[in-house]
Amino acid sequence: MCLKFLEKHEGSGVKMLQKLKEKCFNYETISYIICGVLTTAVDFISYTIFRKGDVISVELAQGLSWVAAVLFAYVVNKLIVFRNFNLRPRYLAKEISAFVAARAFSGVLTWVMMVGMVRLGGDRGFLYEMFCKAVVSAVNLVLNYIFSKLWIFKKTTGEER
């Protein structure tokens, strides 16, 4: 029975996979992943610098590393990923506001997840903190792409880009 179904729908499965491939593997998604990895690197490196010597708390280090990553992310998302070169002040104010609002939401969520995971894990050391940061960063990457694609850098007809 399954074999007959596969034979009957053989061509449609290939077409569906082709469409999925085209949708998922294009300039925008690949560049977003690359820029997301670079943004994550900015986040991790700045977090490591802030935590070096255990002088700054996890909470403050997470907050400061988030600010550094958001600044970097705005520039690369606007110019590289979504190729938006509209620099009109009114447009920029609206776009930056939306970007910061979305990143603030995901940033608070990330901060709560990070601090919560570290606290729940107890004193497991810096490697455990970095593991927590990797998990939280993956969630953050997906959320931020959704916000950027569907809200902030949404392409609309008739809009100057």
Side-chain angles (χ1 to χ4, degrees), residues 16-87 89 91-156 161:
M16 186 174 73
L17 287 175
Q18 184 64 28
K19 283 184 180 182
L20 184 63
K21 180 182 170 190
E22 290 169 6
K23 197 84 162 151
C24 293
F25 297 104
N26 56 49
Y27 172 84
E28 188 177 279
T29 54
I30 299 297
S31 62
Y32 187 83
I33 291 169
I34 292 168
C35 289
V37 168
L38 292 173
T39 299
T40 302
V42 168
D43 185 30
F44 273 66
I45 291 167
S46 59
Y47 181 84
T48 302
I49 291 167
F50 294 135
R51 285 291 288 153
K52 191 172 177 92
D54 207 24
V55 176
I56 296 178
S57 70
V58 170
E59 295 86 353
L60 184 57
Q62 178 63 23
L64 292 172
S65 67
W66 176 82
V67 169
V70 167
L71 292 173
F72 178 81
Y74 176 73
V75 172
V76 297
N77 278 295
K78 179 173 181 60
L79 301 177
I80 297 171
V81 177
F82 297 102
R83 294 184 265 193
N84 180 332
F85 304 105
N86 188 338
L87 300 176
Y91 183 86
L92 280 176
K94 179 183 172 192
E95 185 181 72
I96 290 169
S97 297
F99 190 84
V100 170
R103 294 297 167 117
F105 173 78
S106 65
V108 167
L109 182 64
T110 300
W111 186 87
V112 168
M113 288 175 62
M114 177 66 180
V115 172
M117 288 173 71
V118 169
R119 295 282 182 257
L120 286 173
D123 189 22
R124 294 188 180 184
F126 188 70
L127 279 179
Y128 177 73
E129 282 184 35
M130 296 311 279
F131 167 76
C132 293
K133 224 160 148 53
V135 170
V136 166
S137 293
V139 171
N140 200 37
L141 184 73
V142 172
L143 266 180
N144 287 332
Y145 180 74
I146 292 168
F147 290 145
S148 292
K149 175 76 174 169
L150 300 179
W151 182 36
I152 301 159
F153 299 108
K154 181 179 174 184
K155 294 179 182 172
T156 58
R161 283 285 198 189

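Residue numbers run from 1 in the order of the sequence given.
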Anything under 30° is parallel, anything over 60° is perpendicular, the rest tilted; go ahead and classify F82 against F153.
parallel
Suppose the criterion is salt bridge (Lys or Arg N to Asp or Glu O under 4.0 Å): which pairs have a residue in residues 36-57, not counting sequence neighbours?
D43-K133, R51-D54, R51-E129
L127 CG: over 12 foreign heavy atoms closer than 6.0 Å:
no
Does a sphere of radius 6.0 Å around CZ in F25 hold more than 12 heavy atoms from other residues, nucleotides or ligands, not counting ones at 6.0 Å or beyond?
no
Heavy-atom pair of closest approach, residues L143 and S106
CD1-CB, 4.3 Å
Side chain to side chain donor-acceptor pair (under 3.5 Å) against T40, all qualifying residues, sequence neighbours excluded:
none
Donor-acceptor pairs under 3.5 Å, side chain of residues 66-75 to any protein atom, not counting sequence neighbours: which ones?
{"unit_1": "W66", "atom_1": "NE1", "unit_2": "R103", "atom_2": "O", "d": "3.3"}
{"unit_1": "Y74", "atom_1": "OH", "unit_2": "E95", "atom_2": "OE1", "d": "2.6"}

Do N144 and F99 pass the side-chain contact (heavy atoms from CB on, under 4.5 Å) test, and can you show the C-alpha distance, the side-chain angles, and the key distance before you say yes or no?
CA-CA 9 Å; N144 287 332; F99 190 84; over 6 Å; no
Quiz: residues 115-124 side-chain donor-acceptor pairs under 3.5 angstrom, not counting sequence neighbours:
{"unit_1": "R119", "atom_1": "NH2", "unit_2": "E59", "atom_2": "OE2", "d": "2.3"}
{"unit_1": "R124", "atom_1": "NE", "unit_2": "G121", "atom_2": "O", "d": "2.9"}

Checking L87 now: which residues fulfil side chain to side chain contact (heavy atoms under 4.5 Å, CB included) with it, not counting sequence neighbours?
K78, L92
Which residues pass the side chain to side chain contact (heavy atoms under 4.5 Å, CB included) test with A98, not counting sequence neighbours?
W151, I152
Minimum-distance pair of heavy atoms, taken over all atoms of Y47 and M114:
OH-CE, 3.8 Å
Taking side chain to side chain contact (heavy atoms under 4.5 Å, CB included) as the test, write out the residues that go with I56, two or more places apart.
F50, L60, A61
Heavy-atom pair of closest approach, residues L141 and Y32
O-OH, 3.6 Å
Of all residues at least two apart in sequence or in a different chain, which pass the side chain to side chain donor-acceptor pair (under 3.5 Å) check with T48?
none
Taking side chain to side chain donor-acceptor pair (under 3.5 Å) as the test, write out the residues that go with S137, two or more places apart.
none
I need the N84 CG to Y91 OH distance, nearest 0.5 Å.
4.0 Å
Those residues at least two apart in sequence (or on a different chain) that pass side chain to side chain donor-acceptor pair (under 3.5 Å) with Y145 are E28
Test side chain to side chain contact (heavy atoms under 4.5 Å, CB included) applied to V76 and T39, V81, I34, the passing residue:
T39
Can you list the steps and then say if Y27 with R83 is a side-chain contact (heavy atoms from CB on, under 4.5 Å)?
CA-CA 10 Å; Y27 172 84; R83 294 184 265 193; 2.9 Å; yes
Summary of ring pair (Phe, Tyr, Trp, His ring centres under 6.0 Å) pairs that have at least one residue in residues 107-137, sequence neighbours excluded:
none
Under a 3.5 Å cutoff, is there a donor and acceptor pairing between the side chains of N140 and T110?
yes
Salt bridge (Lys or Arg N to Asp or Glu O under 4.0 Å) partners of residues 134-146, not counting sequence neighbours, each pair once:
none
